[in-house]
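These notes are about the structure you will find just below.
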Amino acid sequence: MVGFRAGDVPPTATVKFIGAGTAACIADLFTFPLDTAKVRLQIQGETKSPVNTGHGPVKYRGVFGTISTMVRVEGPRSLYSGLVAGLQRQMSFASVRIGLYDSVKQFYTKGSDHVGIGSRLMAGCTTGAMAVAVAQPTDVVKVRFQAQISAGANKRYHGTMDAYRTIAKEEGFRGLWKGTGPNITRNAIVNCTELVTYDLLKDALLKSSLMTDDLPCHFTSAFGAGFCTTVIASPVDVVKTRYMNSAPGQYSSALNCAVAMLTKEGPKAFYKGFMPSFLRLGSWNVVMFVTYEQLKRALMAARHNWATPL
């Protein structure tokens, strides 16, 4: 009897959901400080940002300068502020956008073996928008915590559940879905670029026989996807972060936020936090996709073993 290989059988939807959510949480644990540094750099320069309330202007210079300043002023734990909401976001968000990607892609191709760039892009946009609809409140809370100065007594929120309750009480239930528009735009772009680029790079490497479907191929494809995604998605990501973190009435809309950034800080403001964003997204992609590929194989092998009678 020929030995079973997990790659011989396509993974089930359940395997994809569990694998994507677990892999995304593992990736978040490794890269969360970079994400926090990115948020601090993105909101820097706002004249009425809640993060600065009671603490005067906060100045961060570069990704490692931001991290060292936060550790010195607020302590090492500040780098993981909002982690609980971040993990909640990844478990729900990644499960939908990555776990459903192949299924939605097959829906658009109507079962055809040929998968064009259009079908990949539509699948990426669809699963990205669906994921935001599910996970938006967790994203709002995560960003608010990351922007909050941990030192001192003037904290906006004192725990994850307190943040959900406070936002709903002060800003209404809709406050938990603040920034859904720019977040859908941002994640449609991220999802399309990230998943489609990973998909295309992996296919190209395999078809050209430069690599086999294993760790080096997954690493290379994920790193390339991270760079392309950061370049394309950074402007929308900065607007999303600022609008989510803004005080009620600070901006009338996400578009108003973008215009205010452009007029007050210039075009460069849209690429604030680019380096931590790239370091975070590049490393996040590598950890996530490599872990996801290995988890899929492990889960399918375990499923096969359970189903095989002794």
Side-chain angles (χ1 to χ4, degrees), residues 19-42 60-71 76-91 93-95 97-99 101 124 128 131 135 138-139 142-143 145-146 186-187 189-202 205 211 214-238 240-241 271-296:
T22 304
C25 287
I26 292 171
D28 235 33
L29 287 171
F30 280 98
T31 62
F32 204 80
L34 291 170
D35 191 40
T36 303
K38 178 202 74 170
V39 168
R40 291 293 180 94
L41 285 166
Q42 286 178 336
Y60 302 116
R61 297 184 182 278
V63 54
F64 297 111
T66 301
I67 290 174
S68 63
T69 299
M70 290 181 64
V71 170
R77 291 181 62 183
S78 65
L79 297 174
Y80 282 91
S81 182
L83 178 63
V84 173
L87 294 178
Q88 291 172 348
R89 174 186 180 273
Q90 291 299 351
M91 185 54 73
F93 186 81
S95 294
R97 79 179 183 97
I98 297 171
Y101 175 72
T138 62
D139 205 6
K142 178 188 78 74
V143 168
F145 265 108
Q146 288 175 315
R186 183 255 182 194
N187 282 294
I189 293 172
V190 167
N191 217 36
C192 282
T193 310
E194 191 176 85
L195 293 177
V196 173
T197 305
Y198 179 81
D199 218 6
L200 290 172
L201 284 173
K202 184 180 171 185
L205 290 170
M211 293 183 178
D214 219 328
L215 191 62
C217 175
H218 304 156
F219 182 96
T220 305
S221 302
F223 191 80
F227 178 76
C228 293
T229 303
T230 308
V231 171
I232 295 172
S234 276
V236 182
D237 190 35
V238 176
K240 179 215 77 165
T241 299
Y271 278 90
K272 281 190 171 183
F274 179 84
M275 187 53 67
S277 185
F278 168 59
L279 290 174
R280 193 259 177 179
L281 203 51
S283 55
W284 190 93
N285 267 300
V286 168
V287 176
M288 204 292 299
F289 278 113
V290 169
T291 306
Y292 178 48
E293 296 279 8
Q294 301 307 311
L295 274 174
K296 278 196 301 184

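All figures in this text were calculated on a predicted structure; none of them were measured in a lab.
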Point to revise | Verdict with supporting geometry, Q88 and F93, side chain to side chain contact (heavy atoms under 4.5 Å, CB included) | key: CA-CA 8 Å; Q88 291 172 348; F93 186 81; over 6 Å; no
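- When the ring-ring contact (aromatic ring centres under 6.0 Å, His included) test is applied to F278, the partners found at least two apart in sequence or on another chain are F223, F227.
- Judged purely by atom type and a 3.5 angstrom limit, T36 uses its side chain to pair as donor or acceptor with the backbone of L79.
- Within a 6.0 Å radius of OH in Y80, other residues, nucleotides and ligands contribute more than 12 heavy atoms.
- Atom OG1 in T31 sits 11.0 Å away from atom CE in M288 (nearest 0.5 Å).
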**Study point:** Derivation and outcome, salt bridge (charged side-chain N to carboxylate O under 4.0 Å, His left out), residues K38 and D237
**Key:** CA-CA 10 Å; K38 178 202 74 170; D237 190 35; 3.0 Å; yes
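- Here the OG1 atom belonging to T138 is positioned 10.5 Å from the CG atom belonging to L87, to the nearest 0.5 angstrom.
- The heavy-atom pair separating V143 from T241 by the smallest distance is CG1-O, 3.9 Å.
- Residues L41 and P276 approach most closely at CD1-CG, 3.5 Å, considering heavy atoms.
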Review point. Side chain to side chain contact (heavy atoms under 4.5 Å, CB included) between V238 and F274: does it pass, once the steps are laid out?
Key: CA-CA 9 Å; V238 176; F274 179 84; over 6 Å; no
**Study point:** Trace of the side chain to side chain contact (heavy atoms under 4.5 Å, CB included) decision for Q90 with W284
**Key:** CA-CA 12 Å; Q90 291 299 351; W284 190 93; 3.5 Å; yes
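- Side-chain N or O atoms of S68 include one that pairs as donor or acceptor with a backbone N or O of G65 at under 3.5 Å.
- Although no hydrogens or angles enter the test, the distance criterion places a donor-acceptor pair under 3.5 Å between the side chain of T229 and the main chain of E194.
- Between Y60 and T69, the shortest heavy-atom contact is CE2-CG2, 3.9 Å.
- Taking all atoms of both residues into account, the shortest heavy-atom contact from V287 to A27 is CG1-CA, 3.6 Å.
- Remark: the backbone N or O of A24 is not paired with any side-chain donor or acceptor of Y292 at under 3.5 angstrom.
- Every side chain to side chain contact (heavy atoms under 4.5 Å, CB included) that L295 has, sequence neighbours left out, goes to T22, A23, T291.
- Although no hydrogens or angles enter the test, the distance criterion places a donor-acceptor pair under 3.5 Å between the side chain of S81 and the main chain of F145.
- Once rounded to the nearest 0.5 Å, the distance linking CG of L215 with CZ of F219 reads 8.5 Å.
- Here the side chains of L201 and T220 are not in contact, with every heavy-atom distance at 4.5 Å or above.
- When all heavy atoms of S277 and T230 are compared, the pair lying nearest together is OG-CG2, 3.8 Å.
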Practice item. Give the C-alpha distance, both sets of side-chain angles, the deciding distance and a yes or no for side chain to side chain contact (heavy atoms under 4.5 Å, CB included) between D139 and K240. Key: CA-CA 10 Å; D139 205 6; K240 179 215 77 165; 3.7 Å; yes
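- Judged by the 6.0 Å distance and 45° axis criteria, K202 is not positioned over the aromatic ring of Y198.
- Note that CG of L83 and CG of L29 are 6.0 Å apart. Values are rounded to the nearest 0.5 Å.
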Check your understanding: Between D28 and R280, is a salt bridge (charged side-chain N to carboxylate O under 4.0 Å, His left out) present by the stated rule, with each step listed?
Key -> CA-CA 9 Å; D28 235 33; R280 193 259 177 179; 2.5 Å; yes
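- Closest heavy-atom contact between S221 and L205: OG-CD1, 3.7 Å.
- Counting heavy atoms from C-beta on, the side chains of K272 and R40 never come closer than 4.5 Å.
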